[in-house]
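In what follows, chains carry the letters A, B, and so on, assigned in the order in which the sequence lines appear, proteins first and then strands, with residues in each chain numbered from 1.
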Number of protein chains: 2
Amino acid sequence: MMIQFPEPLALAQARIEPLLQHYLAGSPEAASRLLSAMRYANLEGGKRLRAALVYTAAQTLGVALEQADSAAVAVELVHTYSLIHDDLPAMDDSPLRRGMPSCHIAYDEATAILAGDALQALAFEVLASDENVAIGTRLKLVHTLATASGLQGMAGGQMIDLVYTGQNQKPGLWELQEMHRLKTGALLQASISMGCICAQLSDLVIQKAILAYGEALGLAYQIQDDILDVVSLEGDLGKPQGHDASLHKMTYPAVVGLEEAYAMRDALYQQGLAALEPIPLDTSRLSTLFAFVVQRSS
Amino acid sequence: MMIQFPEPLALAQARIEPLLQHYLAGSPEAASRLLSAMRYANLEGGKRLRAALVYTAAQTLGVALEQADSAAVAVELVHTYSLIHDDLPAMDDSPLRRGMPSCHIAYDEATAILAGDALQALAFEVLASDENVAIGTRLKLVHTLATASGLQGMAGGQMIDLVYTGQNQKPGLWELQEMHRLKTGALLQASISMGCICAQLSDLVIQKAILAYGEALGLAYQIQDDILDVVSLEGDLGKPQGHDASLHKMTYPAVVGLEEAYAMRDALYQQGLAALEPIPLDTSRLSTLFAFVVQRSS
């Protein structure tokens with residue numbers, strides 16, 4: 001069963017697609033295969049959850065969406081590059097992504113590696129060149145995205161995942177949380193932070209509240225991901241169901257059992273909603289996004 | 001026969017090593033395999049030519065080297081990430097680099113992919129976070145490096161190389177130049193530009209002269225690289241001699257012949273020296289670096 005996309009996601013999707021088209025238009029003729037692969041991976045669907053988090057945080061704090069456009073584009077570019085590289089044979093070896101052949105299947109491995117590399121560079125180029133955004137703000141966005149995607153964030157988390165994958169020993173809950181805090185959580189958290197940076201947020205109470213929301217959301221997102229790998233229908237998921245289990249990946253259902261995974265997810269949802277309470281603004285869009293994260297079927 | 005490193009290179013090498021050590025120190029425990037691979041690829045040698053170009057441009061324009069440190073580190077990080085990814089089995093499949101096992105041999109393919117990804121992110125993190133450099137300058141450095149390393153630069157050039165490699169038709173000189181202008185030239189040119197940005201260069205005559213020097217140097221560098229693949233001793237080169245030829249890569253000796261490649265290289269050297277003439281400053285260090293580029297044996 002497909003869930004309707006809630007308004008904050010639908011808005012992000014409508015806004016981000018023409019922006020991605022814009023940033024992925026034109027190129028030197030001879031490199032056109034590379035651009036084609038970059039477009040293939042970026043423009044064929046995707047929930048645009050990270051863009052929605054950027055926009056929703058910015059909107060909640062009262063800033064015009066134009067101010068958040070390049071941040072939203074940049075997180076989506078980084079997210080897509082990480083999916084391309086994660087799907088490679090040497091990594092998760094996943095032939096499907098978003099219901100379509102993965103980039104290295106549709107093109108080839110070398111092109112997929114380069115497309116990921118070029119998308120990462122493009123993300124920073126987009127952030128640095130947006131003249132609608134103050135220089136100091138652009139620089140903070142670059143710093144936040146770079147930190148979240150590197151050794152201390154996404155790439156570091158993916159490394160931990162690979163080290164554990166296929167090992168026979170059952171890792172503990174702590175290791176699992178730590179891995180996901182880096183692998184998925186850091187970029188989700190960065191998306192929210194970047195929305196706050198676009199709004200030049202300086203109120204420490206609001207900052208703390210939004211970051212606590214983001215931390216709960218990041219973990220809940222991953223738990224739902226792991227649950228879906230066990231229970232969802234393959235057509236909904238857009239990738240082979242049971243793929244994580246077949247790789248002996250450590251997942252929440254594998255470590256704590258399916259029932260406990262549901263309970264943890266729901267507790268994080270309540271925790272995220274409670275975190276928003278001290279914010280003296282309309283936080284309903286942030287709540288809506290969290291509800292989507294824990295209810296989604298793909 | 002090893003060439004002694006000229007002073008601008010020796011200075012860059014002495015300066016960059018502790019900086020790289022600094023930026024590649026410490027990490028979350030569980031991601032330590034990733035950091036280890038990043039250190040392995042960065043700290044085991046390398047001529048540091050790109051760092052030398054940053055420092056030498058900055059020095060020529062009279063700016064303190066401290067102002068150019070993060071730019072020098074960032075270009076070396078990007079250069080190293082590109083070497084790691086280029087050596088992968090799906091790309092050039094090169095088992096040796098700088099006389100040592102390539103990163104994917106010393107570790108594994110997945111770790112090498114992630115190490116490259118994390119090094120690219122680190123480059124932008126280093127640039128964005130250097131508080132010794134003015135905010136506007138840092139942002140220009142980010143923009144210049146991102147543009148030079150992505151679709152319209154290094155990654156785009158590598159794609160063209162891969163598309164041509166193994167094809168039976170002999171590409172023309174124009175295609176060869178265009179490929180190298182992107183694949184190698186863009187980052188060398190960016191190194192020089194970043195040195196100029198650190199010095200907040202605004203004099204257009206000097207700017208044009210230095211960029212013309214950089215363009216000649218970038219091409220001459222690649223021609224010498226191709227020549228060395230044919231004539232050098234394997235021990236000097238640090239990678240298998242004849243490797244490019246065995247991949248049916250298009251190289252200058254393959255396209256124009258060895259004698260003509262030497263002549264083109266020497267003409268570019270003269271062109272680079274002539275380009276420096278309008279600059280009313282001591283450009284001897286820039287000349288020295290160019291001499292090294294065309295005389296090097298590895």
Of all the residues in residues 71-83 of chain A, which have a heavy atom that comes within less than 4.5 Å of a heavy atom in chain B? Y81(A)
Return the CD to CD distance between Q120(B) and Q120(A), rounded to the nearest 0.5 Å. 3.5 Å
Residues which pass side-chain hydrogen bond (donor to acceptor under 3.5 Å, both in side chains) with T137(A), listed by chain and number, not counting sequence neighbours: Q200(A)
With rounding to the nearest 0.5 Å, note down the distance linking NE2 in H143(A) to CZ in F124(B). 13.5 Å
One should read off an interatomic distance between M38(A) CE and L151(B) CG, to the nearest 0.5 angstrom, of 5.0 Å
L162(A) versus A110(B), closest heavy-atom pair with distance: CD1-CB, 3.6 Å
Under 4.5 Å from a heavy atom of chain B, the part of M179(A) involved: neither
Can you tell me if CD on Q67(A) sees more than 12 non-hydrogen neighbours from other groups inside 6.0 Å? yes
Shortest non-hydrogen separation from A121(A) to G150(B) and the atoms involved: CB-CA, 3.8 Å
Using a 4.5 angstrom heavy-atom cutoff, name the option from K140(A), H85(A), E109(A) with the most pairs to chain B. H85(A)
Check whether more than 12 heavy atoms from other residues, nucleotides or ligands sit under 6.0 Å from atom CD of Q189(A), and answer yes or no. yes
Can you tell which of A112(A), A146(A), A115(A) has the highest number of heavy-atom pairs within less than 4.5 Å of chain B? A146(A)
When you measure from the side chain of Q158(B) to the backbone N and O of L114(A), does any donor-acceptor pair fall under 3.5 Å? no
Between T111(B), L145(B), L88(B), L122(B), the one whose heavy-atom pairs under 4.5 Å with chain A are most numerous: T111(B)
Contact leader toward chain B among P89(A), A37(A), A123(A), A118(A), where contacts are heavy-atom pairs under 4.5 Å: A118(A)
Most heavy-atom pairs under 4.5 angstrom with chain A, which of L119(B), V126(B), T147(B)? T147(B)
Among V142(A), I135(A), D117(A), D86(A), single out the residue with the greatest number of heavy-atom pairs under 4.5 Å to chain B. D117(A)
